[in-house]
Amino acid sequence: VEVLSEARGLSPDSADGAILLGRALAAVGRGEEAMSLLGEVVASYRGRRSKELSPVYREISRIQLAEGFLSDALASLTRAFEMDMKSARLAMELGQLALDMDELEVASRAFRGVTMLRVGDEESGEVLTAEVKAHANFQLSLLAQRAGDPRRARMLAGKALSDNPDHHQARQLVSELDGG
């Protein structure tokens with residue numbers, strides 16, 4: 001914490017430095033301080049949307065999750081996704097948290113965001129893989145099945161298999177939906 005505080009003093013405008021310091025503060029039980037620090041970074045953007053804020057909101061979400069503030073964590077992770085909708089990793093993280101909290105519309109929106117990206121595209125410093133895209137389609141197929149739409153569930157599971165023929169869960173779902 002001391003070293004990161006010193007580094008933050010040398011580069012007070014660094015969002016990455018604030019994130020690292022916030023993470024360290026939270027790790028030593030100083031979550032309120034961490035949230036205050038990260039809140040200052042968000043406030044410095046004066047309400048402007050910026051891709052640079054995405055990791056800040058993501059870190060805020062992680063701290064809120066660790067402290068048991070699930071609704072706040074979901075809201076912060078949603079803000080992170082809104083700031084960087086081309087991050088498949090962030091969308092998958094949001095989708096899973098939303099599923100865990102039974103927020104199906106948020107989960108669906110996040111997983112759909114992944115399916116709209118092209119495999120191999122490098123966005124946000126990451127390359128979207130066919131496996132990740134297949135898993136997003138599989139999650140959407142489960143949501144469709146849960147909503148009582150087996151035709152759509154079958155179609156989405158088929159898309160998952162076209163992205164990744166080795167996706168065993170999608171194969172099992174297709175078999176189940178086909179009555180086998």
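Starting from 1, each residue takes its place in the sequence as its number.
- When E131, Q139, K133 are each tested for a side chain to side chain donor-acceptor pair (under 3.5 Å) with H135, only one passes: Q139.
- R171 has no carboxylate O lying under 4.0 Å from a charged side-chain N of E176, or vice versa, which leaves the two without a salt bridge.
- When the side chains of ILVMFWY residues are joined at heavy-atom separations under 4.5 Å, either directly or via intervening members, Y57 and L38 end up in a single hydrophobic cluster.
- Closest approach of A18 and L37 over heavy atoms only: O-CD2, 3.5 Å.
- The shortest heavy-atom contact between A136 and T115 is CB-CG2, 4.0 Å.
- Looking only at side-chain heavy atoms (C-beta outward), E59 and V56 stay at 4.5 Å or farther from each other.
- By the criterion of side-chain heavy atoms lying less than 4.5 angstrom apart, applied directly or through intervening Ile, Leu, Val, Met, Phe, Trp or Tyr residues, I60 is grouped together with V41 in one hydrophobic cluster.
- Taking both residues in full, the closest heavy atoms of A88 and L128 are given as CB-CD1, 3.6 Å, listed atom of the first, atom of the second, then distance.
- Hydrophobic clustering of Ile, Leu, Val, Met, Phe, Trp and Tyr side chains at less than 4.5 Å, counting indirect connections, keeps V114 apart from M85.
- A salt bridge does not link R89 to D84: none of the charged side-chain nitrogens sits closer than 4.0 Å to a carboxylate oxygen.
- For the residue pair S76 and Q64, the shortest heavy atom distance occurs at OG-OE1, 2.7 Å.
- Note: the hydrophobic cluster containing M92 does not contain L90 (ILVMFWY, side chain heavy atoms under 4.5 Å, direct or indirect links).
- Within 6.0 Å of the CZ atom in R8, the count of heavy atoms belonging to other residues, nucleotides or ligands exceeds 12.
- Residues Q96 and D100 have side chains that bring a donor and an acceptor to within less than 3.5 angstrom of each other.
- What you find for S61 and A73 is that their closest heavy atoms are OG-O, 2.9 Å.
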